[in-house]
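Heads up, the thing below is written out as structure tokens.
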Amino acid sequence: MTAGGQAEGADRDPASAWLPSRVAKLLSALFYGTCSFLIVLVNKALLTTYRFPSPIFLGIGQMAATIMILYVSKLNKIIHFPDFDKKIPVKLFPLPLLYVGNHISGLSSTSKLSLPMFTVLRKFTIPLTLLLETIILGKQYSLNIIVSVFTIILGAFVAAGSDLAFNLEGYIFVFLNDVFTAANGVYTKQKMDPKELGKYGVLFYNACFMIIPTLIISVATGDLQQAAEFNEWKNVLFIIQFLLSCFLGFLLMYSTVLCSYYNSALTTAVVGAIKNVSIAYIGMLVGGDYIFSVLNFVGLNICMAGGLRYSFLTLSGQSNPKQPVDEENIPLGLKS
């Protein structure tokens with residue numbers, strides 16, 4: 001937001017400026033859920049249907065898209081974030097490490113598990129996020145919220161009990177993805193002070209700092225060579241989907257930050273869980289890799305019930321953390 005926009009925001013009524021409206025909370029959550037839903041489908045098509053062998057290279061494409069879009073937007077004064085200085089790496093740490101770990105483990109787990117089982121195991125991001133918000137941000141949630149969270153986890157356990165397509169490597173990757181996602185969400189919430197880097201600064205400098213190390217990893221593991229030798233680069237449909245994945249990668253990063261900014265890291269994780277169950281329902285009808293069982297189906301429905309209960313509590317205002325100061329209580333006129 002420009003300086004003029006900040007001055008205009010400073011004149012707003014303080015009572016209406018301090019807390020984001022329910023509409024902003026709801027729309028940011030829906031935006032994140034939609035972006036997350038679409039990118040999983042596109043990445044699944046690239047990594048399984050087309051058998052693209054380089055998930056790390058795909059992550060590099062998403063980082064590059066983020067850098068270009070944000071930099072061009074800054075040049076055209078559409079958005080604002082601070083210019084680089086030597087304090088920025090210190091302000092960001094440990095976000096860049098969590099960022100790249102989240103990307104690599106997420107893309108790798110998507111390629112090694114069926115969509116329904118991937119969605120089940122991703123539920124464990126939620127209690128990890130709740131735990132880290134309590135430890136790092138000092139938040140305290142109501143008993144109703146905690147019960148809703150563990151209802152989702154119960155459903156995940158029930159659904160996982162019928163998994164007939166065991167893949168140890170995939171399970172390891174998705175567990176690492178859960179840890180990285182939870183830590184990334186909580187630390188992103190902590191770092192989004194508009195007087196410091198702001199939303200766009202966090203996104204831009206994260207991508208800038210990690211694109212070169214990720215490229216080195218891609219070269220060292222043979223990921224880049226496999227991408228270069230991939231025989232579908234002349235396929236127009238593949239190229240369109242690859243570019244779409246890169247753009248959706250930017251939208252997903254932005255929508256994640258936006259949802260956490262207006263809500264909380266825990267709400268972002270729960271929205272992701274609801275989205276994942278929706279994908280599981282679709283996987284029952286299309287995709288061909290879903291192994292139906294009563295336990296799995298019942299578990300997915302328990303997960304959905306817990307997620308919807310959490311959503312109801314959030315919209316009714318019962319999920320507000322009990323703490324004196326929260327990053328959400330930032331005047332809207334100061335947001336970047």
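Cluster annotation: Val147 and Val158 are assigned to distinct hydrophobic clusters (Ile/Leu/Val/Met/Phe/Trp/Tyr, side-chain heavy-atom contacts under 4.5 Å, transitive). Grouping the Ile, Leu, Val, Met, Phe, Trp and Tyr side chains by contacts below 4.5 angstrom, directly or via other members, places Ile39 with Ile67. Connection of Val149 to Val179 is not established within any shared hydrophobic cluster, with ILVMFWY side chains joined at heavy-atom distances below 4.5 Å, either directly or through further cluster members. Put simply, Leu143 and Leu313 are part of two different groups of oily side chains (I, L, V, M, F, W, Y) that touch within less than 4.5 Å, one to the next. If you chain together hydrophobic residues whose side chains sit under 4.5 Å apart, Leu58 and Phe250 fall into the same group.
Ring geometry for Phe52 versus Phe57: interplanar angle of 30 to 60°, hence tilted.
The line from CD1 of Ile60 to CD1 of Ile217 is 8.5 Å long, rounded to the nearest 0.5 Å. The NE2 atom of His80 sits 13.5 Å away from atom OG of Ser73, with the distance rounded to the nearest 0.5 Å. Note: Gln241 CD to Leu243 CG = 10.5 Å, rounded to the nearest 0.5 Å. Rounded to the nearest 0.5 angstrom, Leu70 CG and Met253 CE are separated by 9.0 Å. Here CG of Leu97 is found 9.5 Å from CG of Asn206. Values are rounded to the nearest 0.5 Å. Between atom CZ of residue Phe31 and atom OG1 of residue Thr256 there is a gap of 9.5 Å, rounded to the nearest 0.5 Å.
Between Pro55 and Asp223, the closest heavy-atom pair is N-OD2, 3.4 Å. Nearest heavy-atom pair, Leu251 versus Cys35, reported as atom, atom and distance to 0.1 Å: CB-SG, 3.8 Å. Between Cys246 and Ala65 the shortest heavy-atom distance is O-CB, 3.5 Å. For the residue pair Ala182 and Leu128, the shortest heavy atom distance occurs at CB-CB, 3.7 Å. For the pair Leu237 and Asn235, the tightest heavy-atom approach, listed with the atom from each and the gap, is N-OD1, 3.0 Å.
The shortest distance between side-chain heavy atoms of Asn144 and Tyr310 does not fall below 4.5 Å. Proximity of Tyr32 to Leu258: side-chain heavy atoms (C-beta onward) are nowhere separated by under 4.5 Å. No side-chain heavy atom of Gln140 sits under 4.5 Å from any side-chain heavy atom of Thr134. The shortest distance between side-chain heavy atoms of Tyr141 and Ser264 falls below 4.5 Å. No side-chain heavy atom of Leu215 sits less than 4.5 Å from a side-chain heavy atom of Ile56. Two residues are said to be in side-chain contact when any heavy atoms from C-beta on lie closer than 4.5 Å; Leu47 and Arg51 fail this criterion. Residues Phe204 and Thr66 are not in side-chain contact: their nearest non-hydrogen atoms beyond the backbone lie 4.5 Å or more apart. Taking the side chain as every heavy atom from C-beta outward, Ile69 and Phe247 approach each other to under 4.5 Å.
With a 6.0 Å radius and a threshold of 12 heavy atoms from other residues, nucleotides or ligands, Tyr187 has its OH atom at or below the threshold. The local environment of CZ in Phe238 is crowded, with over 12 non-hydrogen atoms from other residues, nucleotides or ligands closer than 6.0 Å. Heavy-atom contacts from other residues, nucleotides or ligands closer than 6.0 Å to CD1 of Ile239 number more than 12. Glu229 CD: more than 12 foreign heavy atoms inside a 6.0 Å radius.
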- request: May I have the step-by-step check of side chain to side chain contact (heavy atoms under 4.5 Å, CB included) for Ser311 and Ile274, ending in yes or no?
  value: CA-CA 10 Å; Ser311 300; Ile274 295 174; 3.4 Å; yes
message: Gln190 vs Ile136, test: side chain to side chain contact (heavy atoms under 4.5 Å, CB included). Steps then yes/no.
response: CA-CA 9 Å; Gln190 185 187 57; Ile136 297 171; 3.7 Å; yes
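Cation-pi geometry between Lys25 and Tyr262 is not satisfied (NZ or CZ under 6.0 Å from the ring centre, within 45° of the ring normal). By the 6.0 Å and 45° rule, Lys74 does not stack over the aromatic ring of Tyr200.
In this structure a side-chain-to-backbone donor-acceptor pair under 3.5 Å is present from Trp233 to Ala227. Panel note: side chain Thr151, backbone Gly306; no donor-acceptor pair is recorded below 3.5 Å. No donor-acceptor pair under 3.5 Å is formed between the side chain of Lys199 and the backbone N or O of Tyr261. A donor-acceptor pair under 3.5 Å is absent between the side-chain atoms of Lys139 and the main chain of Glu133, judged by distance alone. Of the possible donor and acceptor atoms, one in the side chain of Tyr205 sits under 3.5 Å from a partner among the backbone N and O of Phe84. No side-chain donor-acceptor contact under 3.5 Å links Asn76 to the backbone of Ile78. At distances below 3.5 Å, at least one donor-acceptor pair connects side-chain atoms of Asn301 with backbone N or O atoms of Phe297.
Here the rule is side chain to side chain contact (heavy atoms under 4.5 Å, CB included) with Leu266, and of Leu132, Leu130, Val271 only Leu130 fits it. Shown are Asn184, Val270, Thr268, Asp178; of these, the side chain to side chain contact (heavy atoms under 4.5 Å, CB included) with Thr125 is made only by Asp178.
With hydrogens and angles left out, the side-chain atoms of Ser245 and Gln62 include a donor and acceptor closer than 3.5 Å. Side-chain contact annotation: Thr188 with Ser260, donor-acceptor N/O pair under 3.5 Å absent.
No close placement of the Tyr50 and Phe230 rings is indicated, their centers lying 6.0 Å or farther apart.
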